[in-house]
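This is a predicted model, so every value here is computed, not measured. Order of the sequence lines fixes the chain letters, A, B, ..., with proteins taken first and strands second; residue numbering starts at 1 for each chain.
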Amino acid sequence: MAGLSIAQLLQVLLEHFGPQNWWPAETPFEVCVGAVLTQNTTWENASRAVGNLKKANLLTPEALSSTDEGELQNLIKPAGFFRQKARYLKELSRFVVREGGVEGLKAQPLKVLRPKLLNVKGIGPETADSILLYALDKPSFVVDKYTKRLLYRLGVLEGESVSYNRVKALVEGEIPPTEEHLKEYKELHALIVELCKRYCKTRPNCRECPLRELCYNQHNP
DNA sequence: AACCAGGAGAGAG
DNA sequence: CTCTCTCATGGT
């Protein structure tokens with residue numbers, strides 16, 4: 001049944017969609033901000049908020065950390081949860097400044113950086129890994145709702161509520177978190193999102209899905 | 001008009 | 001560690 005390897009999955013997705021070259025952002029810090037703003041929200045909504053911050057010249061750690069929180073709330077409203085996300089962005093930007101900016105973060109090893117990020121209010125496992133992978137070029141695989149849903153429907157996971165760390169360990173067990181696999185981590189997560197946005201949402205569209213023959217429960221999703 | 005979207009914190013068991 | 005509540009805007 002579950003004879004599907006993660007490497008195979010990546011290969012099939014790459015053949016269908018081609019390299020995605022994520023994350024859609026101009027700077028590493030913009031990736032960090034976007035990672036927070038897209039929490040439990042569509043990228044379309046998060047992107048509007050990012051655009052507002054860009055117009056206001058707030059997409060640097062220094063500018064963001066010294067901005068009035070109330071004004072910040074107004075700018076990021078389209079992303080939803082604007083009160084807590086404004087607080088989270090303040091926490092994050094202060095952290096980045098404190099650590100010597102993006103360069104200061106990049107200089108640190110993954111093993112010490114990940115716990116530090118998880119210690120920041122508003123940065124959970126997915127947001128931390130997104131920042132590590134796409135903003136700081138550290139090989140830390142990103143698990144999200146799509147990843148769990150897809151791996152479940154492919155018969156790799158027992159359910160969709162398997163814990164974050166177990167899914168992460170599963171993938172990183174097959175593709176080790178080393179520098180040489182950085183590109184594969186980036187592409188795999190991006191491709192899973194691309195696939196799921198189109199074919200593997202809560203209500204699936206299996207008929208046009210390129211993976212429909214691999215999906216063990218395609219008739220009762 | 002419910003339902004959903006690239007989560008995370010806080011509290012309880 | 002797992003379960004449940006809350007947080008909010010915008011599209012279908």
Side-chain angles (χ1 to χ4, degrees), chain A residues 9-10 13 17 19-25 28 30-53 69-95 114-136 140-154 157-171 185-205 209 211 221:
Chain A
L9 175 61
L10 174 57
L13 291 175
F17 296 108
Q20 301 297 297
N21 297 311
W22 252 23
W23 179 295
E30 186 177 333
V31 175
C32 300
V33 171
V36 168
L37 290 174
T38 197
Q39 288 171 1
N40 202 43
T41 311
T42 61
W43 175 251
E44 287 66 42
N45 286 346
S47 184
R48 291 184 186 118
V50 173
N52 289 342
L53 295 178
E69 194 165 320
E71 183 190 349
L72 190 51
Q73 288 181 6
N74 288 328
L75 291 169
I76 67 174
K77 251 175 197 168
F81 304 116
F82 58 87
R83 295 182 190 88
Q84 45 181 324
K85 282 179 180 176
R87 192 159 53 244
Y88 294 168
L89 287 179
K90 298 290 283 185
E91 297 277 350
L92 174 60
S93 56
R94 288 193 200 102
F95 169 75
R114 192 169 191 273
K116 278 190 188 176
L117 278 169
L118 290 174
N119 216 27
V120 178
K121 289 303 179 194
I123 311 292
E126 182 185 342
T127 308
D129 288 330
S130 296
I131 290 171
L132 287 165
L133 185 60
Y134 294 106
L136 306 177
S140 195
F141 186 71
V142 179
V143 176
D144 64 350
K145 193 185 297 180
Y146 283 156
T147 308
K148 293 182 182 181
R149 183 182 297 155
L150 177 63
L151 292 183
Y152 168 61
R153 291 178 182 176
L154 286 172
L157 295 179
E158 311 81 357
E160 293 187 45
S161 57
V162 179
S163 76
Y164 188 96
N165 287 331
R166 286 181 58 186
V167 180
K168 181 179 174 68
L170 170 69
V171 174
Y185 277 13
K186 289 186 178 182
E187 286 301 332
L188 180 56
H189 175 66
L191 286 162
I192 287 174
V193 172
E194 182 61 24
L195 175 90
C196 288
K197 272 184 170 176
R198 303 189 188 195
Y199 309 113
C200 207
K201 302 182 84 79
T202 299
R203 176 173 160 171
N205 178 11
C209 179
L211 300 183

Asker: When you measure from the side chain of Lys145(A), which nucleotide among dG7(B), dC4(B), dG10(C) comes out closest?
Answerer: dG7(B)
Asker: Just the rounded figure in Å: distance from P of dG9(B) to NZ of Lys90(A).
Answerer: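 In whole Å, dG9(B) P and Lys90(A) NZ are 19 Å from each other.
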Asker: When you check the phosphate oxygens OP1 and OP2 of dG10(C), does a side-chain N or O of Thr41(A) lie under 4.0 Å from one of them?
Answerer: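 Looking at the OP1 and OP2 atoms of dG10(C), neither is under 4.0 Å from any side-chain N or O of Thr41(A).
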Asker: Could you grab the distance from atom CZ of Arg87(A) to atom CG of Leu72(A), nearest 0.5 Å is fine?
Answerer: 11.5 Å
Asker: Give a yes-or-no answer on whether the side chains of Ser161(A) and Lys148(A) include a donor-acceptor pair shorter than 3.5 Å.
Answerer: no
Asker: Check whether Lys186(A) reaches the backbone of Asn21(A) with its side chain - one donor and one acceptor, N or O, closer than 3.5 Å.
Answerer: no
Asker: Specify the residue among Asn165(A) and Arg48(A) whose closest nucleotide of DNA chain C lies further upstream toward the 5′ end.
Answerer: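 Of the two residues, Asn165(A) wins.
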Asker: Which is true for Phe82(A) with a 4.0 Å heavy-atom rule: it touches a base, it touches only sugar-phosphate, or it touches nothing?
Answerer: sugar-phosphate
Asker: If you find the nucleotide of DNA chain B closest to Lys121(A) and the one closest to Trp43(A), which residue's nucleotide is nearer the 5' end?
Answerer: Trp43(A)
Asker: Please work out if Thr147(A) contacts a base, only the sugar-phosphate, or nothing of the nucleic acid, heavy-atom cut-off 4.0 Å.
Answerer: nothing
Asker: From the set dT2(C), dA5(B), dA8(B), return the single nucleotide nearest to any side-chain atom of Pro125(A).
Answerer: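 For Pro125(A), the side-chain atoms sit closest to dA8(B).
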Asker: Whole angstrom is fine here: how far is it from CZ in Phe81(A) over to P in dG10(C)?
Answerer: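 These atoms are roughly 13 Å apart.
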Asker: Base, sugar-phosphate or nothing for Ile123(A)? Non-hydrogen atoms, less than 4.0 Å.
Answerer: sugar-phosphate
Asker: What's the gap between dC3(B) and dC5(C) when it is taken at their P atoms, as a whole Å value?
Answerer: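 Looking at atom P only, dC3(B) and dC5(C) are 15 Å apart.
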Asker: Looking for any heavy atom pair under 4.0 Å, which part of the strands does Arg149(A) touch: base, sugar-phosphate only, or nothing?
Answerer: sugar-phosphate
Asker: Write down the distance between CZ (Arg203(A)) and P (dA2(B)), rounded to a whole number of angstrom.
Answerer: 18 Å
Asker: Between Ile76(A) (CD1) and dA8(C) (P), how many Å, whole number?
Answerer: 9 Å
Asker: For the CG atom of Leu117(A) and the OG atom of Ser140(A), what is their distance to the nearest 0.5 Å?
Answerer: 9.5 Å
Asker: If I take atom CG in residue Leu37(A) and atom P in nucleotide dA8(B), what distance separates them, rounded to the nearest angstrom?
Answerer: 13 Å
Asker: Using atom CD of Glu44(A) as one end and atom P of dA8(C) as the other, report the distance to the nearest whole Å.
Answerer: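 Atom-to-atom, Glu44(A) to dA8(C), this comes out as 21 Å.
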Asker: May I have the distance from Tyr164(A) (atom OH) to dA8(B) (atom P), rounded to whole angstrom?
Answerer: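 Whole-Å distance recorded here is 7 Å.
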Asker: Expressed in angstrom and rounded to an integer, what is the separation of Arg87(A) atom CZ from dT6(C) atom P?
Answerer: 17 Å
Asker: At under 4.0 Å between heavy atoms, what does Asn40(A) touch on the DNA or RNA strands: base, sugar-phosphate, or nothing?
Answerer: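 It contacts base atoms.
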Asker: For Val143(A), answer base if it contacts any base atom (sugar-phosphate contacts may also be present), sugar-phosphate if it contacts only those atoms, and nothing otherwise; contact means non-hydrogen atoms under 4.0 Å.
Answerer: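 The residue Val143(A) makes no contact with any strand.
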Asker: Would you indicate what Lys197(A) reaches in the nucleic acid, counting non-hydrogen atoms under 4.0 angstrom: base, sugar-phosphate, or nothing?
Answerer: base
Asker: Check whether any side-chain nitrogen or oxygen of Thr42(A) sits under 4.0 Å from OP1 or OP2 of dG11(C), and answer yes or no.
Answerer: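 Result: no.
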Asker: Does any part of the side chain of Asp129(A), heavy atoms only, come nearer than 4.5 Å to the side chain of His189(A), both counted from C-beta?
Answerer: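 Contact flag for His189(A)/Asp129(A) side chains = no.
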Asker: Would Lys168(A) pass as a cation-pi partner of Phe141(A), given that its NZ or CZ must be under 6.0 Å from the six-membered ring centre and within 45 degrees of the axis?
Answerer: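 No, Lys168(A) does not sit over the ring of Phe141(A).
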